[in-house]
Amino acid sequence: MYLTQMKMNPSRTGTRRALGSEQVLHAMVLSAFPHLTATDRVLWRLDTPSRHDMLLYVVSGARPDLTGLVEQAGWPVEQTWRTSPYEPFLGRLSSRQTWRFRLTANPTVSKSRGEGMRGKVVPCRQGLEQVMWLTERAERLGVTFGRPESPSFAVTTRGTSEFAHQDAATGRRDRVKLSKATYEGVLEVRDPERLRASLAQGIGRGKAYGCGLMTLAAS
């Protein structure tokens, strides 16, 4: 497993196209894996702390080749991506460690439609709903976020994007609406195995569209 970081060039046409559609950036990311199979998991997240500072993170089972992506949206005259094996870091996770984290997610809940009927998935758009969505997942993620009434993180950005999606099997085109929230704060490790799985497999829905990738940094 690998963790890749790439600095994107905001002045490139490809970058502007990617910023306008998660589907476009999804296709760009997958182009870095020529031998990808249907069961391979690729997570990505684009951090844009400012209009001049854009970092793409990718977690994948195979080592990517970002040459094509750099030509479209990067800095071709510089080495602007770095890929490192992820397992050594995951293997060092242990109980009671504290880490700073960042996660962009698609927080949703399932609303009942009545007895015997499948629930309807709806987005969490309000701040408190989004905070509760993550705090309620702490145990399954293998972490704690401090006290439930005063979690050790905040939702730093939120919004909804809409873009065109074409089904590869049927060719059908439709519009996708995606609600996103970016969480930043501190966590404490309680179950290292669960946390490793969360970091490798992603959290929540919308993984194809830049959601679910959590990264950790020293606190």
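Once rounded to the nearest 0.5 Å, the distance linking CZ of Arg190 with OG1 of Thr144 reads 4.5 Å. How far CZ of Arg45 is from NZ of Lys207: 14.5 Å, rounded to the nearest 0.5 Å. Taken to the nearest 0.5 Å, the CD atom of Glu71 stands 10.0 Å off from the OG atom of Ser31. Between the CG atom of Leu187 and the CG atom of Leu195 there is a distance of 6.5 Å, given to the nearest 0.5 Å. To the nearest 0.5 Å, the span separating CD on Gln130 from CG on Asn106 amounts to 10.0 Å. Taking CG from Leu56 and CG from Leu69, the interatomic distance works out to 6.5 Å, rounded to the nearest 0.5 Å.
Closest heavy-atom contact between Pro107 and Ala105: CD-O, 3.2 Å. Between Val70 and Trp81, the closest heavy-atom pair is CG2-CE3, 3.5 Å. Closest approach of Leu43 and Ala200 over heavy atoms only: CD1-O, 3.6 Å. The nearest pair of heavy atoms linking Ile203 to Ser198 is CG1-O, 4.0 Å. Of all non-hydrogen atoms in Tyr2 and Ala62, the two that sit nearest each other are CD1-C, 3.5 Å. Closest approach of Gly206 and Leu178 over heavy atoms only: CA-CD1, 4.5 Å.
Residues Ser84 and Arg82 have side chains in contact (heavy-atom distance under 4.5 Å, counting atoms from C-beta outward). Side-chain contact check for Leu19 versus Leu46: some heavy-atom pair is nearer than 4.5 Å. Using a 4.5 Å heavy-atom cutoff, the side chains of Asp40 and Phe33 are not in contact. In this structure the side chain of Val24 never reaches within 4.5 angstrom of the side chain of His26, judged on heavy atoms. The side-chain heavy atoms of Val58 and Leu3, taken from C-beta on, include no pair separated by under 4.5 Å. In this structure, Tyr57 and Thr4 have side chains that are not in contact, with every pair of non-hydrogen atoms separated by 4.5 Å or more. Side-chain contact between Val131 and Val155: present, with at least one pair of heavy atoms (C-beta onward) separated by less than 4.5 Å. A 4.5 Å side-chain heavy-atom check between Trp99 and Leu93 finds at least one atom pair inside the cut-off.
In this structure, the side chain of Trp44 engages the main chain of Ala208 through a donor-acceptor pair within 3.5 Å. Distance alone, capped at 3.5 Å, places no donor-acceptor pair between the Gln23 side chain and the Ala18 backbone. Distance alone, capped at 3.5 Å, is enough to place a donor-acceptor pair between the Thr156 side chain and the Thr182 backbone. Thr15 places a side-chain N or O within 3.5 Å of a backbone atom of Asn9 that can act as its donor or acceptor partner. Although no hydrogens or angles enter the test, the distance criterion places no donor-acceptor pair under 3.5 Å between the side chain of Thr48 and the main chain of Met54. Of the possible donor and acceptor atoms, one in the side chain of Arg100 sits under 3.5 Å from a partner among the backbone N and O of Ala218. Although no hydrogens or angles enter the test, the distance criterion places a donor-acceptor pair under 3.5 Å between the side chain of Arg16 and the main chain of Ser11. With hydrogens and angles disregarded, a donor-acceptor distance shorter than 3.5 Å links the side chain of Thr135 to the backbone of Met132. Looking at Glu136, its side chain never comes within 3.5 Å of a backbone N or O of Trp133 through a donor-acceptor pair. In this structure, the side chain of Arg102 does not engage the main chain of Leu216 through any donor-acceptor pair within 3.5 Å.
Checked against the 6.0 Å centroid criterion, the rings of Phe145 and Phe153 qualify as a close aromatic pair.
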Exercise. Should Phe101 and Thr215 be marked as a side chain to side chain contact (heavy atoms under 4.5 Å, CB included) after you check the CA-CA gap, both sets of side-chain angles, and the distance that decides it?
Worked result: CA-CA 6 Å; Phe101 77 92; Thr215 52; over 6 Å; no
Exercise. Passes side chain to side chain contact (heavy atoms under 4.5 Å, CB included), Val42 versus Leu36? Steps please.
Worked result: CA-CA 9 Å; Val42 177; Leu36 198 68; 3.8 Å; yes
Exercise. Does the side chain to side chain contact (heavy atoms under 4.5 Å, CB included) test come out yes or no for Tyr86 and Leu199, once each step is laid out?
Worked result: CA-CA 10 Å; Tyr86 206 19; Leu199 295 175; 4.0 Å; yes
For this session: In sequence, state the C-alpha distance, the side-chain angles, and the governing distance for Glu139 and Arg137, and then conclude on salt bridge (Lys or Arg N to Asp or Glu O under 4.0 Å).
Result: CA-CA 6 Å; Glu139 183 175 356; Arg137 279 158 178 75; over 6 Å; no
For this session: Verify side chain to side chain contact (heavy atoms under 4.5 Å, CB included) between Met8 and Leu55, making sure each step is shown before the conclusion.
Result: CA-CA 6 Å; Met8 297 184 70; Leu55 290 174; over 6 Å; no
For this session: Quick one: do Arg12 and Gln72 satisfy side chain to side chain donor-acceptor pair (under 3.5 Å)? Show the steps, please.
Result: CA-CA 7 Å; Arg12 300 294 294 274; Gln72 297 179 72; over 6 Å; no
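Both Phe89 and Leu103 are members of a single hydrophobic cluster when ILVMFWY side chains are connected at heavy-atom separations under 4.5 Å. Val59 is not connected to Met28 by any chain of hydrophobic side-chain contacts under 4.5 Å among Ile, Leu, Val, Met, Phe, Trp and Tyr, and they are in different clusters.
With a 6.0 Å radius and a threshold of 12 heavy atoms from other residues, nucleotides or ligands, Glu87 has its CD atom above the threshold. Other residues, nucleotides and ligands place more than 12 heavy atoms under 6.0 Å from the CD atom of Glu184. Heavy atoms from other residues, nucleotides or ligands lying under 6.0 Å from CE of Met1 number more than 12.
Both tests hold for Lys7 against Trp75: distance to the six-membered ring centre under 6.0 Å, angle to the ring axis within 45°.
In summary, Lys180 and Glu22 engage in a salt bridge, as defined by a charged side-chain N under 4.0 Å from a carboxylate O.
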